[in-house]
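One structure is given here, and the rest of the page talks about it.
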Amino acid sequence: MEVERPDQFSNGTVILGGGLCGLILAHELAKSLQSRSGSDAPRVWVVEAPCGDVPQSDEQRPVRWLRLLGGEADYNYQTQPSAELAGRSIPWPRGKGLGGSGRINSMIWFPPTDTDFRSLAQPLVSERPQNEDTKDDTERQLRAAFERAREIVRPERARWISPTSRAFLDVVSNDSDQEFHVYDRLNRNGRRWTAANAIADLQRANPDAANLIRIIRASVSSLRIEDGTVTGIEWADGGTSSVGKDVEVVSALGAIGSPTLLHRSGVDDSNVGGNLHDHLIMPIVHSHDGCAFSDAMPEMSALAQWQHTGGGPIACNIAECGGLDAEQRWQLHVTPTDYLRFPKDTRRGAMTIGVNVTRPRSRGRIRWSADETIIDAGYWNHDRDRVELLEGVRWVRGLVKQSGLDQWLRSEMIPGAKRQTDDAICAAMARYSQTLYHPAGTCALGSVVDSDFYVRGMSNLRIVDASVLAEPTTGNPTATLATLACFAAERFSRE
């Protein structure tokens with residue numbers, strides 16, 4: 001399915017970006033086109049940048065995913081230093097190669113909440129003929145798209161959970177107001193799954209549809225745009241491929257890649273790169289007297305267990321469980337590690353309960369210099385986010401104490417039991433808070449992109465990826481993005 005890039009694209013769709021959104025969109029478009037037109041159907045090209053090799057053990061084994069960060073499969077972005085975060089610059093991992101960020105993330109499948117469906121539906125109906133049922137119909141279509149996405153991904157129940165996370169769930173399960181559970185994962189038989197596997201599944205189940213997809217390994221520099229129409233793709237090596245009038249171009253390059261493409265292509269819209277949002281997580285780290293968790297080379301028995309059953313410690317995705325509070329103000333991620341030091345330091349038993357605000361109000365911006373992408377994450381430029389995270393830390397502390405979990409844990413290392421005042425906790429938050437790797441919103445629906453996913457003022461350029469999410473998702477965004485791709489494919493197929 002891999003081909004050399006053509007001198008001219010004609011009669012089809014060019015999808016820039018081979019991550020979750022790009023590949024699921026290609027999957028669904030190919031099926032629809034083949035069903036309608038058979039072998040004469042238009043082609044679907046997927047363009048993804050070439051990527052160096054990574055250790056197969058790190059890529060396949062869930063427990064090793066953190067070792068992929070900063071490597072060949074990571075674009076290695078960094079935020080600008082932030083006074084709000086004690087002057088720190090934070091690494092922002094973004095995945096490279098087929099599968100995109102799915103190659104280097106924690107594989108969590110978190111279904112969209114009712115709030116997420118409503119938030120998505122609003123900009124998707126804002127420019128369409130209105131009646132009282134329009135938004136409800138769109139929400140129903142989004143829910144159907146989620147079910148379709150789940151059929152493609154087939155998220156897997158955890159094959160193993162650590163004693164540390166099991167202790168957390170056993171203790172807090174008596175609190176009926178909470179929604180804590182083991183996260184489903186993007187795994188198959190305990191091995192990492194990415195959207196590249198969806199294309200392989202299509203090849204086996206429907207080879208005629210899969211044959212419509214062509215994979216091109218190349219880096220895009222910019223688009224040639226004339227009178228609101230993309231007429232060419234300019235490549236990083238200096239070459240150019242023309243784009244015919246019967247071709248649509250879809251950017252699925254993500255929250256950093258899509259606005260960067262528009263900027264380099266001369267799209268004049270001040271909203272491009274703005275509205276940047278992300279989940280910022282504060283790790284609350286406790287020590288305990290149990291064994292330290294490690295992702296080091298496993299014993300032969302553990303390796304055999306994973307190879308034959310997909311279970312055992314190798315199947316651990318680190319962020320094993322968590323959930324939302326009753327009002328969905330905060331999300332928890334529980335890991336059987338000292339999250340700030342793992343995997344480098346595994347000398348002591350530890351549990352991290354990370355807490356983040358689910359719907360942050362702060363917004364940042366991506367800018368560009370002649371040779372650099374500048375990421376101003378904007379963390380805590382809306383003071384309410386800091387206040388809510390502070391309240392979240394206090395809520396976690398209360399949960400630990402009221403549930404009796406503190407009887408199992410040894411001591412709070414971060415923020416540290418001595419830090420009790422608001423100022424002391426906020427200082428620790430500024431020093432230790434981390435990205436959850438959920439940047440989005442930089443080409444938002446309703447501003448940069450219209451309700452049909454077209455870039456405003458463009459006749460054949462659309463965007464389908466995290467950059468179009470005008471509001472943060474309540475939890476981890478992968479399931480919502482897969483839903484968005486299925487919804488967009490259905491809408492495009494009806495045109």
Side-chain angles (χ1 to χ4, degrees), residues 2-10 12-19 21-23 25-26 43-52 72-78 92 94-101 214-245 247-274 276 365-375 439 442-443 448-449 454-468:
E2 290 195 17
V3 298
E4 296 296 320
R5 71 189 192 212
D7 292 331
Q8 178 177 14
F9 291 98
S10 60
T13 301
V14 180
I15 299 172
L16 306 178
C21 286
L23 290 174
L25 184 63
R43 293 291 181 262
V44 179
W45 292 275
V46 177
V47 179
E48 175 58 39
C51 176
E72 289 291 330
D74 186 354
Y75 278 102
N76 290 307
Y77 291 110
Q78 292 266 346
W92 260 22
R94 295 285 87 198
K96 181 191 297 185
L98 283 180
S101 291
R214 298 288 185 267
I215 306 295
I216 297 171
R217 303 290 188 124
S219 297
V220 177
S221 174
S222 62
L223 303 175
R224 187 173 64 214
I225 298 173
E226 301 173 9
D227 297 326
T229 300
V230 176
T231 61
I233 297 174
E234 298 176 349
W235 307 100
D237 63 7
T240 301
S241 296
S242 63
V243 172
K245 295 181 179 179
V247 171
E248 284 218 326
V249 178
V250 182
S251 178
L253 293 169
I256 300 174
S258 282
T260 298
L261 178 70
L262 296 188
H263 168 76
R264 290 176 177 170
S265 304
V267 174
D268 185 16
D269 184 337
S270 62
N271 292 311
V272 171
L276 174 62
R365 173 171 282 278
I366 296 176
R367 297 180 175 88
W368 301 270
S369 66
D371 57 357
E372 184 183 9
T373 299
I374 302 167
I375 302 171
T442 48
C443 295
V448 177
V449 175
Y454 281 110
V455 175
R456 293 192 184 281
M458 301 295 299
S459 64
N460 66 339
L461 176 60
R462 285 166 146 155
I463 300 178
V464 180
D465 59 29
S467 72
V468 307

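Bear in mind that the values here come from a model prediction, so they are computed numbers and not experimental data. Numbers here simply count residues along the sequence, with the first being 1.
- In this structure a side-chain-to-backbone donor-acceptor pair under 3.5 Å is missing from Glu248 to Thr13.
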- Message: What verdict does the side chain to side chain contact (heavy atoms under 4.5 Å, CB included) test give for Leu262 and Leu461, after you've listed the backbone C-alpha separation in whole Å, the side-chain angles of each residue and the deciding distance to 0.1 Å?
- Response: CA-CA 10 Å; Leu262 296 188; Leu461 176 60; 3.8 Å; yes
- Run the side chain to side chain contact (heavy atoms under 4.5 Å, CB included) check on Leu261 and Val220 step by step: do they pass? CA-CA 8 Å; Leu261 178 70; Val220 177; 3.8 Å; yes
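- Here CZ of Arg214 is found 13.5 Å from CD1 of Ile15. Values are rounded to the nearest 0.5 Å.
- By the 4.5 Å heavy-atom criterion applied to side chains, Val249 and Ser251 are not counted as neighbours.
- Note that NZ of Lys245 and OG of Ser459 are 10.5 Å apart. Values are rounded to the nearest 0.5 Å.
- Ser10 approaches Trp45 most closely through the heavy-atom pair O-CH2, 3.1 Å.
- Residues Val250 and Leu25 form a side-chain contact, since some pair of their non-hydrogen atoms from C-beta on lies under 4.5 Å apart.
- For Glu4, the CD atom is loosely surrounded, since the number of other residues' heavy atoms within 6.0 Å does not exceed 12.
- A donor-acceptor distance shorter than 3.5 angstrom exists from the side chain of Ser101 to the backbone of Gly95, with no hydrogens or angles considered.
- Formation of a donor-acceptor pair under 3.5 Å by the Arg264 side chain with backbone atoms of Pro259 is not found in this model.
- The shortest side-chain heavy-atom distance between Asn460 and Val247 does not fall under the 4.5 Å cut-off.
- Considering every non-hydrogen atom in both Ser258 and Ile463, the closest pair reads OG-CG2, 3.8 Å.
- Going from atom OG1 of Thr229 over to atom CE of Met458 covers 6.5 Å, rounded to the nearest 0.5 Å.
- Remark: the backbone N or O of Glu234 is not paired with any side-chain donor or acceptor of Ser222 at under 3.5 angstrom.
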- Message: Walk me through whether Trp92 and Ile256 qualify under side chain to side chain contact (heavy atoms under 4.5 Å, CB included).
- Response: CA-CA 10 Å; Trp92 260 22; Ile256 300 174; 4.0 Å; yes
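- Leu276 and Pro439 get closest at one heavy-atom pair: CD1-CB, 4.2 Å.
- Here the shortest heavy-atom pairing between Ala255 and Thr442 reads O-OG1, 2.6 Å.
- Checked against side chain to side chain donor-acceptor pair (under 3.5 Å), Glu72 has no partners two or more places apart in sequence or in another chain.
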- Task: Kindly indicate, with the supporting measurements, whether the criterion side chain to side chain contact (heavy atoms under 4.5 Å, CB included) is fulfilled by Ile374 and Ser369.
- Result: CA-CA 7 Å; Ile374 302 167; Ser369 66; 4.2 Å; yes
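- Between the CD1 atom of Ile233 and the CZ atom of Phe9 there is a distance of 4.5 Å, given to the nearest 0.5 Å.
- Shown here are the side chain to side chain donor-acceptor pair (under 3.5 Å) partners of Ser467, two or more places apart in sequence or in another chain: Asp465.
- Of the residues listed (Thr231, Leu16, Val267), the one engaging Leu223 in a side-chain contact (heavy atoms from CB on, under 4.5 Å) is Leu16, and it is the only one.
- Contact between Asn271 and Arg365 at its shortest, heavy atoms only, is CA-NH2, 4.5 Å.
- Within a 6.0 Å sphere centred on CG of Asp237, other residues, nucleotides and ligands contribute more than 12 heavy atoms.
- In this structure, CG in Leu98 is found 6.0 Å from CD in Glu48, a value given to the nearest 0.5 Å.
- Closest approach of Tyr75 and Ala49 over heavy atoms only: OH-CB, 3.5 Å.
- Proximity of a side-chain donor or acceptor of Asp7 to a complementary backbone N or O of Ser241 within less than 3.5 Å is not detected.
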